[in-house]
Amino acid sequence: MNKTAFITGATSGFGLAATRIFVANGWKVIATGRRADRLQKLAAELGADKLHAANFDVRDEAAMHAAITALPPEFAQIDLLVNNAGLAQGTAPAQSASLDDWRTMIDTNITALVTLTHALLPTLIERKGGIINIGSVAGSYPYPGGNAYGGTKAFVKQFSLGLRSDLHGTGVRVTDIEPGMAETEFTVVRTHGDQAASDKLYTGANPMTAEDIAEQIYHIATLPPHLNINRLEIMPVTQSYAGFQVFRG
Ligand code: NDP
Ligand code: 8X3
């Protein structure tokens with residue numbers, strides 16, 4: 001086992017939990033995020049021979065390319081890209097949502113994801129590697145206030161399926177994991193720092209954990225090479241569908 005994973009958004013939530021699982025199973029991980037202090041702590045915990053900390057904002061294309069160019073040779077042969085860095089901003093209806101929030105989600109969840117994928121595709125093809133994108137149930141099912149966030153995750157789903165098509169015959173696997181409710185820092189970020197709102201959402205709901213999703217990422221990455229899970233939609237048992245709404249004026 002001498003495989004390397006490039007995991008974006010490894011300072012928190014799914015990306016952090018996945019980094020720990022991959023390293024525990026003998027992988028090397030390039031862990032990315034903006035919070036350098038967290039990445040340094042993680043490198044100290046897991047070992048600099050196992051974890052390379054790449055500290056950049058995924059929306060900064062020049063910084064992204066510089067981080068890739070600066071990879072030490074022992075981390076440069078990438079077998080797996082986990083496009084996990086992402087966020088929701090706001091829960092307001094479209095008519096009162098912040099355009100800045102929408103642009104942040106599009107820049108992070110779409111533009112950065114395709115930019116990084118484009119940069120790493122040659123290596124992934126050479127290594128017959130894999131791409132695991134983190135979509136969301138919000139990309140398939142609309143809900144009030146989901147507007148642009150759901151739109152970005154619908155893009156991730158369709159882009160993932162399109163990559164499958166284009167990578168036909170290369171041996172590269174592509175999966176879109178589409179989680180429902182999981183307790184991470186996601187809702188604190190979405191509410192611009194409202195920990196009480198986050199606690200209220202998750203309390204008593206028995207949501208998924210970061211580890212639940214990280215285990216799925218690892219499982220998919222280590223399936224026999226002739227298998228490809230195209231999409232994995234996964235929810236806590238406590239979450240389901242609510243149907244259509246009708247307005248009577
Ligand atoms: P967290 O907020 O806990 O983690 C998000 C990660 O993304 C952090 O490591 C953060 O790092 C990174 N990130 C965000 N913006 C940037 C940026 N501009 N540049 C670099 N890194 C960035 O949330 P989750 O773990 O829950 O979210 C991970 C993914 O899962 C996201 O794509 C989210 O949309 C998706 N998702 C989450 C669900 C949930 O219920 N939690 C359900 C379905 C999908 P840093 O801030 O240090 O830069
Ligand atoms: C996050 C899940 O249901 O909050 O992608 O949109 S949800």
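Given the structure is predicted, the values throughout are model-derived calculations rather than measurements. Both ligands and their constituent atoms are indexed starting at 1 by order of listing.
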Look at the side chain of [X] and the backbone N and O of [Y], then say whether any donor-acceptor pair between them is shorter than 3.5 Å.
| X | Y | value |
| --- | --- | --- |
| N83 | I131 | no |
| N55 | G33 | yes |
| D166 | L163 | no |
| T238 | A205 | yes |
| D176 | Q158 | no |
| T209 | D212 | yes |

Looking only at protein heavy atoms, which one is nearest to [atom], and what is the separation?
| atom | answer |
| --- | --- |
| atom 6 (O) of ligand 2 | Y143 OH, 2.6 Å |
| atom 38 (C) of ligand 1 | F14 CZ, 3.7 Å |
| atom 2 (C) of ligand 2 | S136 OG, 3.7 Å |
| atom 3 (O) of ligand 1 | S12 OG, 2.5 Å |

Q: List every atom of ligand 2 that sits less than 4.0 Å from any heavy atom of Y149, numbering the atoms from 1 in the order shown and giving each element.
A: 1 (C), 5 (O), 6 (O)
Q | Ligand-side contact atoms (ligand 2) for residue partner A138, heavy atom cut-off under 4.0 Å | A | 6 (O)
Heavy-atom contact under 4.0 Å between [X] and ligand 1?
| X | result |
| --- | --- |
| E183 | no |
| A138 | no |
| G180 | yes |
| A210 | no |

Atoms in ligand 1 with a heavy atom of [X] nearer than 4.0 Å:
| X | value |
| --- | --- |
| G135 | 43 (C), 44 (C) |
| G13 | 3 (O), 25 (O) |
| Y149 | 33 (C), 34 (O), 35 (C), 36 (N), 44 (C) |
| A10 | 9 (O) |
| D57 | 17 (C), 18 (N), 19 (N) |

Counting heavy atoms only, name the option from [options] that's nearest to [atom].
| atom | options | value |
| --- | --- | --- |
| atom 45 (P) of ligand 1 | T11, I134, T8 | T11 |
| atom 22 (C) of ligand 1 | A63, A54, A85, G15 | A85 |
| atom 46 (O) of ligand 1 | R34, E185, Q89 | R34 |
| atom 24 (P) of ligand 1 | T184, D60, V137 | T184 |
| atom 20 (C) of ligand 1 | V58, I7, L16 | V58 |

Under 3.5 Å between any N/O of [X] and any N/O of ligand 1: does that happen in this structure?
| X | answer |
| --- | --- |
| G33 | no |
| M181 | no |
| S136 | no |

Q.
Quick test of your reading of the model: are R231 and E178 salt-bridged, counting only N-O distances below 4.0 Å?
A.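 Yes, charged N to carboxylate O under 4.0 Å.
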Q: Answer yes or no: is there an ion pair linking E211 with R20, defined by an N-O contact shorter than 4.0 Å?
A: no
Q | ligand 2 contact on R190 by region, counting heavy-atom pairs under 4.0 Å | A |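 The answer is the side chain.
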Q: May I ask you to check whether T104 and D101 show a side-chain donor-acceptor distance below 3.5 Å?
A: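 Absent: no donor and acceptor within the cut-off.
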**Q.** Test item: side-chain donor near acceptor, S160 and N133, under 3.5 Å
**A.** yes
Q | Closest heavy-atom pair and its distance - V172, K128 | A |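 That would be CG2-CA, 4.4 Å.
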